[in-house]
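Letters A, B, ... are given to chains in the order of the sequence lines, protein chains preceding strands, and every chain is numbered from 1.
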Amino acid sequence: MAELVMGSIVRKNWWYRLRAFINANLINLFAGGLFALLAVFLLYPIASVLVFSLWGDQGFTLDFYAEFFKYEFYYWSFLNTLILGLATMIILLVVGFCFAYLTTRGPLWIRKPLKMIALLPLAAPPYIFSISLITLFGKNGMINNLLHLNFNIYSWTGVIAAQVLAFLPLSYMMIENVLNAVNPSLEESASDMGASEFRIMRSITIPLAAPGLLKAALLVFVMTIAEFGNPAILGGRTPFLAPDTYLMITGEADFNMASVLSVVLIAPCILIFILHNFVLAGKGYTTIVGKPTATELRPIDPAIKLPFLIVCIPVTILVLLSFGVIVFGSFVKIVGVDNTFVIDHMLNTQSNLAIWNSFKVSLGAGLFGAVVGTLLAYVIMRGKFPGRHLMEMLALSGFALPGTVIGVGYIIAFNRPPFLLTGTIWIIILNCVFRFLAVGVEAGISKLHQISVEIEEASADLGADFLTVFFKVILPIMFSAFVAGFIYTFMTTMMSLSSVIFLVAPGFDLASVYIFLTAQLGELGVASATTVKVIAIVAVSMALLKVIAKKTGLDVQKQGV
Amino acid sequence: MKGRLLTLVALAVLVVFAAGMAQAADSISAYMGFSREVNEALAKRIQEKTGIEVKNITLSWGEIWARLKSEAPRFNADMVMSFGGAGAIEGTEKGYYEDYQSPAWNDIADAFKSPKGTYYALGTFSFLLVGNKTKLAEKGYTLPTSWKELLDPKWKGQIVAPSPRTSGTAFMINYSFLSLYGEKDGWKYLEDLDKNMAFYTRSGNAPTDLVGRGEYLLGITSDENVLKRIKDGYPLEWKVPAEGIGYEGNYCVVLKGTQNLALCKKVVDYLGSKDCSEFIASMGYIPPRPGIASGLYGEKPPTYIKLDHGWAYKNQKSIMLNWKSKFMMKETEDAKKSGDEKEKSGG
């Protein structure tokens, strides 16, 4: 009996000591581990690429940079990329805001359908919009033929339209999250005191949402300039940096020039990042302290509803048409040439295998990515160690860098000991995890931005130790960010192409690579059919997640996913 | 509650991964550079005839070469089936490939194999002029019969061709014209042709589909998919213009360091067989074994432009740079000056 008590005391002692140690150092332990992961799976491959931009056959050289400045072609490529990014960013900020405003403050009946439209493009690879736009507006496109237009889709208009459609969900999700976080009682009291809705929007909603809007805009900018599919397919003879980098590698096997172009592409991203931190410095809008109060629905002013709807309706039509054309294309022999019904495209075995592979990879990447992303957000926001900004920059760099570059970086870095990973499924999973960290991290950071540190401090003051605070307060708060990270990583991995295209091994095709391949070869039927199946998987996964969430009592909807 | 959700997802991941562990016995993996349909059909044919499964992935020639370069010396595949002569030769110099004197290839012409048995050509392919029947008829035009006719201003913005940056076919197209007209007039021809060009596509096969779907009237394109697309019902017509067409081998190599050397040798043996030549021919290529009619050209080979492939491979970099500076990028004043000076001091 006595021994038992002694034993339990010793055990308790040991447990207390461990607990105390964890209590004091947990955040630093996490930080150390995460730093190591980031260093190996982001910094190391990127560094390998940087080295390649400066290292020729004869050792260190600046020749490759000299070549960049030698040709006007490269300036144009650079300039076009910036113009494309800015145009897409501005349009998406407006469109995303309209969608998000209507789905958070508009009439109830419109919220769900609009939200679904805004999220729909998430279920398709970005470059599928080039394909549907060609089918609709190409020289022999359905709409061009129907209305006898002579609209040229291989142009700036085409590229921007495709990019806007492809990145609508990203901007919408970010902005909706922000608008949801603005405490409704502020708007309500303004309304009670007689302010017009326009005035409320101008003086309360937008200023409060500004940091979030800025973040959304920057993320969209960074994403669009790194995307290569749409500009590559619709750009015609207009050069853009991302596709040029891709072509430089796939076409000319010129790793050195590709590295130079990537470095040039990274420059504006870093500039923006610094700007972003400077502008946001000291601007933390904490509007939810304690429990948010429920409010009643206010009718939306027609003077606002109408212009917002005018923005949303054409976009809605385009999104629906794009998906319609893809579904149509997967069941007919040759889109636009021979519209007889066939099922062959759907039964293609190699594409079905590829989809199964993609599913496995996405599941792994989603789970791992969500864990890493959530932890990173927490460590960055609440940690007190030097180098947090570096850490955030690193975590977000996965997005900023063109996928092609990370893909090649992975090949160079992980095809030799100590990290021999090429040819395995793990290299693809890790690549996706670290490329798509940004959304999980950003979601977590936004969440923590809104939740004042006082809640944690209050629990600590009441006697809870760090571990208790972590599990009882922080994790529940972060859980929606975790789910957001999981869903986003799962879906983007399902669709991601630009870097995995270098990593897929024979016999291990991925759905996105297969779609791109067949689309590129003009086999729109197989491409469309594969896309339809991918969309179905993503949709089913989302529904499944909602069911699980409901069963376990977690309201995903409310958590801003 | 949330814990249960997590466990559920983790469990799902485990199950999915366990399901993917099963492995086939006799299999090799290959980077394949024919068109996708041909790759998949050839892999199936090899498995039927030899019992060896070929795990394949379809890549363009540029991509295959980029992969070999970045993966060396640890390749993630056992073989390459179909890529360009430039890669075959440069890789041989770099020691990327296994040498294997296959007895099955003994009675095949030397043009289709290297002396040491490092690489073999599974066949040759060419490029063609294609047009959209329906759209041409609508405009009252007919498919040109010579390359010169493409310079007619009436085709402005109506021609598509692949870009040599990414497409092996396009590089072949370019040096075919340089060989046909001589270097100076060849570049002049390409420059004049550029005035009618809508844009340059990434894949050598893409113009076939763009023209087939009626996006553009004319295309200069790889012959690989033309037969298939016509059978599929695209309103395509094709022609070997009077001046002739170029050609290039579809080379195959065994990558050094493979764990499946014995299986690879068996596959190489099969690739030299009559059965394989017949298959390749039925897809529209010119097979290595004589006397087998190509599905596209028939018994009689088409008119070829006389080509010096060795010269083209050796000068690939400068041809590419010249093409880029003419059709893609303008040099800045400085570069022009330094280029002129180089020319002066060189000449």
Given a strict heavy-atom distance threshold of 4.5 Å, which part of [X] is in contact with chain B: side chain, backbone, both, or neither?
| X | answer |
| --- | --- |
| A:Ala232 | both |
| A:Leu503 | backbone |
| A:Phe508 | neither |
| A:Val504 | both |

Just by distance, no angles: are the side chains of [X] and [Y] close enough, under 3.5 Å, to form a donor-acceptor pair?
| X | Y | answer |
| --- | --- | --- |
| B:Glu71 | B:Tyr31 | yes |
| B:Asp78 | B:Asn260 | yes |
| B:Ser222 | B:Asn205 | yes |

key: Side-chain ion pair, B:Glu40 and B:Lys44, N-O less than 4.0 Å   = no
inquiry  = Salt bridge check, B:Asp209 against B:Arg229: does any charged N sit closer than 4.0 Å to a carboxylate O?
reply    = yes
What part of [X] gets closer than 4.5 Å to chain A, counting heavy atoms only: side chain, backbone, both or neither?
| X | value |
| --- | --- |
| B:Leu210 | side chain |
| B:Tyr216 | side chain |
| B:Arg67 | side chain |
| B:Met32 | neither |

message = Using 30° and 60° as the class boundaries, would you call the ring planes of A:Trp356 and A:Phe359 parallel, tilted or perpendicular?
response = parallel
Which of [options] touches chain A most, by non-hydrogen pairs under 4.5 Å:
| options | result |
| --- | --- |
| B:Asp194, B:Val160, B:Thr201 | B:Asp194 |
| B:Met197, B:Lys69, B:Gln316 | B:Lys69 |
| B:Trp65, B:Phe75, B:Trp61, B:Tyr200 | B:Tyr200 |
| B:Gly212, B:Ala43, B:Gly204, B:Ser29 | B:Ser29 |

remark   = By side chain to side chain contact (heavy atoms under 4.5 Å, CB included), A:Asn80 pairs with (sequence neighbours left out) A:Trp76, A:Trp156, A:Thr238, A:Pro239, A:Phe240
request  = Quick one: list whatever passes salt bridge (charged side-chain N to carboxylate O under 4.0 Å, His left out) with B:Lys317, sequence neighbours left out.
outcome  = none
